[in-house]
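Side chains are part of it too, since the values below use all heavy atoms of this structure and drop only hydrogens, waters and symmetry mates. Please read these numbers as outputs of a predicted model, since none were measured by experiment.
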Amino acid sequence: QVASFQGVAVRSLSTSAPAEHPEHGRLVYKGNLAKAVLGVKFFSYSTSIFNLFMAPYIMLKTGIGFDSLLVQAAFYGLIGFFTFVTPVTLHILTKGYVVRLYYKEEMDTYTAITYSAILAEKATVFHQKDVKIPDITKMFTTFYAKTKSMLVNPTLFPDPQDYNRLMGYDKSLFFNFEEEKEGGESK
């Protein structure tokens, strides 16, 4: 958007996602922790890279490189733990966090936008029939889309009907007693 302010052109950029996306459809959900997740992952990656470059320098300047093998192993183990385990753990915990969720009515598909391991947005397209609700509530999973775990906050859906449609709660429950009776007799 370009506006004029006393003869000077002013450009304004908006980081908010559009309500309609031409490829994905209508925006039905926007996660409020998207910037925090991205920031924490970026900070973790940057400190890991810093550790990789600084470890040899610290070893040479402090003399650890000339001490016993046990001290070297302990030092490398500690640096390696924080360098590699922390980013991997963060990625595993946050890989299913849905940043945005779109619904395309014409195709009856959902598109979940998540962050990949390299901090890029990744789109996962699925149908409502692909949604599976876990039998036991899991800490970082609200539902499974195909086989991928997804985490959403139900209170952040502007229209609760969108959440109900996604989870399949809008479908009527039909229980056929004849099928249950036949299934019980065959056991």
Side-chain angles (χ1 to χ4, degrees), residues 1-5 9-46 87-183:
Q1 298 171 350
V2 178
S4 177
F5 181 72
V10 178
R11 183 170 296 246
S12 124
L13 298 173
S14 174
T15 58
S16 63
E20 273 293 324
H21 191 278
E23 184 181 342
H24 303 307
R26 178 176 58 92
L27 180 67
V28 295
Y29 172 83
K30 186 174 181 184
N32 60 349
L33 296 176
K35 287 183 181 179
V37 167
L38 187 65
V40 167
K41 284 177 104 172
F42 179 76
F43 178 74
S44 177
Y45 289 170
S46 62
V88 168
T89 303
L90 278 173
H91 174 67
I92 289 170
L93 294 177
T94 61
K95 70 180 176 182
Y97 182 75
V98 177
V99 177
R100 291 185 308 278
L101 183 68
Y102 295 96
Y103 177 65
K104 194 166 196 174
E105 253 179 278
E106 307 85 48
M107 306 287 288
D108 192 31
T109 57
Y110 289 92
T111 303
I113 307 296
T114 57
Y115 290 127
S116 69
I118 58 171
L119 304 180
E121 288 188 351
K122 186 169 106 177
T124 303
V125 179
F126 59 95
H127 293 277
Q128 196 286 321
K129 66 182 177 195
D130 298 327
V131 173
K132 304 280 186 264
I133 302 170
D135 295 332
I136 300 171
T137 306
K138 299 198 176 184
M139 187 177 289
F140 295 104
T141 303
T142 307
F143 64 92
Y144 291 100
K146 299 181 181 174
T147 58
K148 185 175 179 181
S149 67
M150 299 283 179
L151 176 66
V152 294
N153 183 348
T155 60
L156 295 179
F157 281 83
D159 184 6
Q161 290 303 101
D162 288 326
Y163 177 74
N164 291 337
R165 184 181 311 115
L166 169 69
M167 301 299 279
Y169 297 152
D170 62 339
K171 296 177 182 173
S172 64
L173 295 174
F174 178 72
F175 190 73
N176 191 342
F177 288 106
E178 293 298 320
E179 287 179 12
E180 181 65 26
K181 188 173 148 184
E182 289 172 8

If you measure from [atom1] on [X] to [atom2] on [Y], what distance do you get to the nearest 0.5 Å?
| X | Y | atom1 | atom2 | result |
| --- | --- | --- | --- | --- |
| L156 | L101 | CG | CG | 12.0 Å |
| D159 | Y29 | CG | OH | 15.0 Å |
| T124 | K122 | OG1 | NZ | 5.5 Å |

request  = Take H127 and K129, measure what side chain to side chain contact (heavy atoms under 4.5 Å, CB included) needs, and give me the verdict at the end.
outcome  = CA-CA 5 Å; H127 293 277; K129 66 182 177 195; 3.9 Å; yes
Validation row: [X], [Y] side chains within 4.5 angstrom (heavy atoms):
| X | Y | answer |
| --- | --- | --- |
| Y163 | T155 | no |
| Y103 | R165 | yes |
| T109 | F126 | no |

Where is the tightest heavy-atom contact between [X] and [Y], given as atom of each residue plus distance?
| X | Y | answer |
| --- | --- | --- |
| A34 | Y97 | N-CE2, 3.8 Å |
| Y110 | D162 | OH-O, 4.1 Å |
| T142 | I133 | O-CG2, 4.4 Å |
| S116 | H91 | C-CE1, 3.8 Å |
| K95 | T114 | O-CB, 3.6 Å |
| Y144 | P134 | CE1-CB, 4.0 Å |

request  = Decide, yes or no, whether a salt bridge links E121 with R100 under the criterion of side-chain N to carboxylate O below 4.0 Å.
outcome  = yes
inquiry  = The test is side chain to side chain contact (heavy atoms under 4.5 Å, CB included); show your working for V98 and L151 and say whether it passes.
reply    = CA-CA 6 Å; V98 177; L151 176 66; 5.8 Å; no
task = Answer yes or no for R26 and Y102: cation-pi contact, defined as NZ/CZ to six-membered ring centre under 6.0 Å and angle to ring axis within 45°.
result = no
task = Assess whether side chain to side chain contact (heavy atoms under 4.5 Å, CB included) is satisfied between M167 and F143, documenting all intermediate values.
result = CA-CA 8 Å; M167 301 299 279; F143 64 92; 3.9 Å; yes
Polar side chain donor-acceptor pair, K104 to H24, under 3.5 angstrom = no
ask   = Are K132 and T147 linked by a side-chain donor-acceptor pair shorter than 3.5 Å?
value = no
request  = Any chance you could lay out the side chain to side chain contact (heavy atoms under 4.5 Å, CB included) test for T94 and K41, step after step, and finish with the verdict?
outcome  = CA-CA 9 Å; T94 61; K41 284 177 104 172; 3.5 Å; yes
query = Are the side chain of S46 and the backbone of F43 linked by a donor-acceptor contact shorter than 3.5 Å?
reply = yes
